[in-house]
Participant: 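Supplied in structure tokens, the structure appears directly below.
Counting convention: from 1, in listed order, for ligands and their atoms alike. We use all heavy atoms of the structure for the numbers below, so side chains are in, but hydrogens, waters and symmetry mates are not. No experiment lies behind these values; they were computed from the predicted model shown.
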Amino acid sequence: MQLDTKLTHLGRGDDNLNVRPVNAPVMRASTILFKNHDAWQATRKARETQRVLSYGARGTCTNFELEKLLCELEGGYRAQLFPTGLASLAMVLLNYASAGAHFIITDAIYGPVRAICEKFLKNVDIQVDFIKADASDVESKIRPNTKLILCESPGSILYEIIDLPKLCEIAHTHNIPVAIDSTYSSGYLLHPIKLGVDIVVIAATKYLSGHSDVTMGAVIINEKEWKNFDKLPEIFGFTASPDDAYLVLRGIRTLGVRLREHEKSAKKIVEFLQSRKEIKTIFYPTLKTHPNHDVFIRDHLGANGMITIEFNDGISKESAIKFVDDLELFSIGASWGGYESLATVTVPPRTASDWSKRGPFVRFHIGLEDVGDLIADLARALDKILK
Ligand SMILES: *Cc1c(COP(=O)(O)O)cnc(C)c1O
């Protein structure tokens, strides 16, 4: 089955029923009832190895359908939903946390992950090294106590690209699992497990839901690293709501169509931006000038709707802010991956490389509006800052 067929046909409930709705229904539950003590105990036993209905907080059948679909998309062994993308990343770090452990994280990691390191891991004596965004210096940072490599590719804000097969080969030689934040690709544009990665994290908040009305995270894992992942929500006592799982299942059906449209419009906007003299750099991975562009093309089906620009030296941060304020069809807001266009003045949070003298940067999410309208809006707001 190709990706678009999987997105249409999988995760839709029990297809052996004679009569059924198109979509798996929302199953809301806390208590699950068992016919007798034996049935209860059998479920508890089964829960150790399978995804079975046992208690609402462990997920209901609605959650399981989404987990199955994500597993199929990524080629994983099992998947686990979490309440947010950030919680998923935190749980991955926690699952490998032990006294005296060392983690390696690439510089382009989603910014708030740094707070987990600073405010929590540091206090429990876990050391973290941030390495180059393309992970090219990973080998020199590996220590005997390195327990996990967490990366993001394409990276947040600047879309840095990692040669994943190469990174995984180095990591696995040292018996270190590799986790990736693959929210950029969202189960569609890249399949990291097929390239050797052990653990994939996706903020379903973004393209999977696609409508800016739900937060959720998912971790999809190969068999070797599955270990306790399904125990984590139980141990820490959080869950993902079946209503939210339903919304993500509803959004995910159009993931392929939406991503193709986001990319098509983004590419037209990149072309337009290239014609503007206010802009020094455009960060978009299908550009031949983008660092590691060849690796991107080799491994990805395409790019998404994210574009970041760096203004020319003569343009101040205040002008960049005015530009964003002047846009009418681009709203200001965190997150992305919905149907709507966004623009924010931003600073890439990096410590293994110095961007302090660069910028100002504006990050766009190109939505599903008419691209001509978007370009006209950008042109009008750009003309104003030069005046
Ligand atoms: C948004 C985002 C997250 C966090 O997702 P939330 O659901 O908002 O917690 C994680 N990683 C990346 C790359 C993101 O863009």
Side-chain angles (χ1 to χ4, degrees), residues 63 66 70 74 79-94 105-117 119-120 130 133 135 150-162 164 179-190 192 197 199-220 232-233 236 238-241 243-245 247-248 251-252 255 258-259 262 266 283 285 296 300 303-308 331-338 340 342-344 346-350 361 363-367:
N63 303 42
L66 177 56
L70 291 174
E74 290 288 17
Q80 175 67 53
L81 302 181
F82 290 93
T84 63
L86 185 56
S88 313
L89 288 163
M91 286 302 114
V92 169
L93 291 168
L94 227 83
I105 302 182
T106 56
D107 211 21
I109 199 74
Y110 177 63
V113 168
R114 289 173 185 267
I116 304 173
C117 304
K119 297 196 193 306
F120 177 76
F130 284 89
L150 172 63
C151 68
E152 184 172 326
S153 177
S156 271
I157 304 177
L158 301 176
Y159 323 113
E160 298 94 328
I161 308 298
I162 295 171
L164 291 171
I180 188 173
D181 183 332
S182 192
T183 301
Y184 182 100
S185 305
S186 281
Y188 198 87
L189 303 173
L190 175 79
V197 170
I199 301 150
V200 176
V201 176
I202 302 175
T205 309
K206 310 288 166 61
Y207 282 120
L208 295 189
S209 90
H211 294 74
S212 306
D213 53 2
V214 56
T215 64
M216 187 180 286
V219 184
I220 305 109
L232 290 172
F236 290 101
F238 49 59
T239 188
S241 140
D243 294 85
D244 290 348
L247 282 175
V248 175
I252 209 170
L255 178 68
R258 282 185 286 112
L259 278 172
H262 285 293
F283 298 87
F296 178 82
H300 295 72
N304 69 19
M306 307 292 294
I307 306 169
T308 300
S331 309
I332 298 170
S335 199
W336 44 269
E340 79 288 7
L342 300 169
T344 43
T346 179
V347 179
R350 303 282 184 272
F361 297 96
R363 186 182 75 175
F364 300 104
H365 176 250
I366 307 305

Participant: Examine the proximity of ligand 1 to T84 and report which part, side chain or backbone, both or neither, has a heavy atom under 4.0 Å away.
Facilitator: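 Both the backbone and the side chain of T84 come within reach of ligand 1.
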
Participant: State, to 0.1 Å, how close L259 and S185 come at their nearest heavy-atom pair, and which atoms those are.
Facilitator: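 Reported closest heavy-atom pair: CD1-O, 4.4 Å.
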
Participant: Per the salt bridge (charged side-chain N to carboxylate O under 4.0 Å, His left out) rule, what does the pair list look like for residues 201-211, sequence neighbours excluded?
Facilitator: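 Passing the test, one end in residues 201-211: no pairs.
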
Participant: For F130, is there any backbone N or O sitting under 3.5 Å from a side-chain donor or acceptor partner on D107?
Facilitator: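 Absent.
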
Participant: Does the N or O separation between A203 and ligand 1 drop below 3.5 Å for any pair?
Facilitator: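 Min N/O separation from ligand 1 is not below 3.5 Å for A203.
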
Participant: Do ligand 1 and T205 have nitrogen or oxygen atoms that lie under 3.5 Å from each other?
Facilitator: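 Between T205 and ligand 1, an N or O pair is found under 3.5 Å apart.
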
Participant: Who passes ring pair (Phe, Tyr, Trp, His ring centres under 6.0 Å) against Y207, sequence neighbours left out?
Facilitator: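 With sequence neighbours excluded, Y207 shows a ring pair (Phe, Tyr, Trp, His ring centres under 6.0 Å) to H262, W336, H365, given in chain and number order.
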
Participant: Could you say whether the N/O atoms of G85 and ligand 1 ever approach to under 3.5 Å?
Facilitator: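 Yes, at least one N or O pair falls under 3.5 Å.
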
Participant: For ligand 1, which part of W336 has a heavy atom less than 4.0 Å away: the side chain, the backbone, both, or neither?
Facilitator: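 Looking at W336 and ligand 1, just side chain atoms fall under 4.0 Å.
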
Participant: Below a 4.0 angstrom heavy-atom separation, can you tell me which part of T183, side chain or backbone, both or neither, approaches ligand 1?
Facilitator: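 Contact part for T183 vs ligand 1: side chain (C-beta onward).
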
Participant: Any heavy atom of S156 sitting closer than 4.0 Å to ligand 1?
Facilitator: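 Distance cut 4.0 Å: S156 passes for ligand 1.
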
Participant: Shortest non-hydrogen contact from I162 to S153?
Facilitator: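 Looking at all heavy atoms of both residues, the shortest contact is N-OG, 2.9 Å.
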
Participant: Does any N or O of ligand 1 fall below 3.5 Å from an N or O anywhere on K206, backbone included?
Facilitator: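 By distance alone, the answer is yes.
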
Participant: Is there a donor-acceptor pair closer than 3.5 Å between any side-chain N or O of E152 and the backbone N or O of Y110?
Facilitator: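 Side chain of E152 to backbone of Y110, a donor-acceptor pair under 3.5 Å: yes, one is there.
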
Participant: Do D181 and ligand 1 have an N or O pair less than 3.5 Å apart?
Facilitator: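 Indeed, backbone or side chain, D181 has an N or O that close.
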
Participant: Is there a donor in the side chain of E340 and an acceptor in the side chain of S212, or the other way round, less than 3.5 Å apart?
Facilitator: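 There is such a pair between these side chains.
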
Participant: For I157 and P349, work out which heavy atoms get closest and say how close.
Facilitator: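 Nearest heavy atoms, I157 then P349: CD1-CD, 3.7 Å.
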
Participant: Using a 4.0 Å cut-off to any heavy atom of E152, which atoms of ligand 1 qualify?
Facilitator: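 Once the distances to E152 are compared, the set is 13 (C).
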
Participant: What atoms in ligand 1 come closer than 4.0 Å to a heavy atom of L86?
Facilitator: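 Result: 4 (C), 5 (O), 6 (P), 9 (O).
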
